[in-house]
Amino acid sequence: MQLLIEKVSKRYRGSESYSLQDLSLDIGPGILGLLGPNGAGKSTLMRIIATITRPTHGRVSWNGVDIAEQPDEIRAVLGYLPQDFGVYPNLNADEFLRYMAAIKGIAPKAAQERIEDLLAFVNLLEARKRPLGDYSGGMKQRIGIAQALLNDPRVLIIDEPTVGLDTEGRVRFRHLLAELAGERVVILSTHIVSDVEATANDIAIINRGRLMVRSSPEILLQSVEGKVWQWVLPSSELLAAKQRHLLSSVVRRKDGLHVRVVAETSPAHEAQLAGSPTLEEAYLYCISTHRGEGA
């Protein structure tokens, strides 16, 4: 089971710049967290894998088959939850999932059995007869996951799934995603580091359409060992600190602002090395280190 992305570039018609540039990834079973700032090219890559758009250059293959030439090979095993997933507000969950199953070519009897299991899995059995227009953002995301899983996909693509969700909704979604890992390829595309930290066993960071880093969370964390500093400063110095340093956190306390900074060397005489760097600090360091590359 292999999804292979080889030197893929994408430039949309009328654009002078590339959304993706010479990007290569070899993806196997498990959860790959695809991290990058907004506009990095993540959604473009997801759309190429989902065969919605074709690369300008390069090749994507599923188990050796070029998906641009034979898209049905991956479509038959693909589940996709796009960033802009929408629902038919007047349909209830049962009606919507039956409709989506018909589009995917699933026989009615098999579809109904699958729908029962999925509604239980995403904890929406009690809300199955409510119009989707009355669903909260978190419930709509869960029905989105259900439709993506209708055909028991081997490849599951989830693009920015927790944008707009509250904290409880994000936690529930992460638990749901963790249960989907195993013998399938799961790609979680997001700019929210905590989503990846909670679920992914493999991380790829892209920026300006290029792959910056591909590693495990543990190796990524090692890259910022000895590079995270903390110190206390008055509120009046915060703006200057933001202009000079890469701040990863600011916490206001009675003795002043407790800040953490990612830097190769001590950012201030009174700064001390902080213990236990976070994955978000490793991500910020990676993006700042490669800033300007490929521009």
Side-chain angles (χ1 to χ4, degrees), residues 1 3 27 29-34 46-47 49-52 62 72-166 168-190 195-196 198-201:
M1 187 183 300
L3 181 65
I27 308 172
I31 300 179
L32 171 69
L34 186 65
M46 300 298 94
R47 289 171 65 85
I49 296 172
T51 71
I52 295 171
W62 168 246
D72 288 344
E73 289 294 320
I74 195 168
R75 286 174 182 171
V77 297
L78 177 70
Y80 181 36
L81 177 59
Q83 182 178 351
D84 55 354
F85 172 72
V87 297
Y88 295 94
N90 295 324
L91 298 182
N92 62 38
D94 266 330
E95 294 166 338
F96 176 71
L97 292 176
R98 285 201 303 270
Y99 171 72
M100 295 301 296
I103 291 177
K104 294 173 184 278
I106 303 173
K109 183 177 180 181
Q112 195 54 49
E113 294 176 357
R114 183 69 174 159
I115 288 168
E116 291 290 326
D117 292 340
L118 288 173
L119 286 174
F121 178 63
V122 299
N123 195 27
L124 287 175
L125 277 174
E126 293 184 3
R128 65 192 302 169
K129 297 302 181 182
R130 284 172 54 187
L132 298 183
D134 292 343
Y135 275 23
S136 67
M139 294 169 74
K140 288 177 182 176
Q141 287 295 74
R142 281 184 276 154
I143 204 68
I145 279 289
Q147 67 81 26
L149 293 172
L150 276 167
N151 59 336
D152 193 20
R154 298 294 89 197
V155 180
L156 180 61
I157 300 171
I158 307 173
D159 192 5
E160 297 286 1
T162 65
V163 172
L165 298 187
D166 59 19
E168 183 180 354
R170 281 182 178 168
V171 171
R172 185 183 295 113
F173 186 87
R174 291 168 190 165
H175 290 165
L176 194 62
L177 191 60
E179 294 184 48
L180 298 175
E183 289 305 309
R184 76 174 90 228
V185 173
V186 181
I187 304 175
L188 169 62
S189 170
T190 183
D195 286 346
V196 168
T199 56
N201 57 290

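Since the model is a prediction, treat every value here as computed from it, not as a measurement.
The backbone N or O of Lys109 lies less than 3.5 Å from no partner atom in the side chain of Gln112, so there is not a single donor-acceptor pair. In terms of modelled atom types and a separation under 3.5 Å, the side chain of Asp94 and the main chain of Lys129 share no donor-acceptor contact. Put simply, the side chain of Arg154 gets close to the backbone of Glu183: a donor and an acceptor are under 3.5 Å apart. Panel note: side chain Tyr135, backbone Arg142; no donor-acceptor pair is recorded below 3.5 Å. In terms of modelled atom types and a separation under 3.5 Å, the side chain of Arg184 and the main chain of Leu156 share no donor-acceptor contact. Between the side chain of Asn92 and the backbone N or O of Glu95, at least one donor-acceptor pair lies under 3.5 Å.
Of the inter-residue distances, the one linking Leu97 atom CG with Lys104 atom NZ reads 10.0 Å to the nearest 0.5 angstrom. For the atom pair CD1 (Ile49) and CD1 (Ile27), the distance works out to 5.0 Å, reported to the nearest 0.5 Å. Taking OG1 of Thr51 as the start and CG of Asp72 as the end, the distance is 8.0 Å to the nearest 0.5 Å. With rounding to the nearest 0.5 angstrom, the OH atom of Tyr80 is 12.0 Å from the CD1 atom of Ile74. With rounding to the nearest 0.5 Å, the separation of CG in Leu118 from CG in Leu149 is 5.5 Å. Taken from CG in Leu81 to CD in Gln147, the straight-line distance is 6.5 Å, to the nearest 0.5 Å.
If you run side chain to side chain contact (heavy atoms under 4.5 Å, CB included) between Ile187 and each of Asp159, Ile158, Ile31, Leu3, only Leu3 comes through.
Between Ala200 and Gly33, the shortest heavy-atom contact is CB-N, 3.6 Å. Considering all non-hydrogen atoms of both residues, Pro131 and Pro89 come closest at CB-O, 3.5 Å. In this structure, Pro153 and Ala148 approach most closely via the heavy-atom pair CG-O, 3.4 Å.
Taking 4.0 Å as the cut-off between side-chain N and carboxylate O, Asp117 and Arg114 do not count as a salt-bridged pair.
Put simply, the side chain of Leu119 reaches to within 4.5 Å of the side chain of Ile143, judged on heavy atoms. Residues Trp62 and Val77 form a side-chain contact, since some pair of their non-hydrogen atoms from C-beta on lies under 4.5 Å apart.
Taking the six-membered ring where tryptophan is involved, the planes of Tyr88 and Phe96 are tilted, since the angle between them lies from 30° to 60°.
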For Leu125 and Glu116, run side chain to side chain contact (heavy atoms under 4.5 Å, CB included): C-alpha distance rounded to whole Å, both residues' side-chain angles, the deciding distance at 0.1 Å, then the answer.
-> CA-CA 8 Å; Leu125 277 174; Glu116 291 290 326; 4.2 Å; yes
Could you go through the side chain to side chain contact (heavy atoms under 4.5 Å, CB included) check for Ile157 and Val185 one step at a time?
-> CA-CA 8 Å; Ile157 300 171; Val185 173; over 6 Å; no
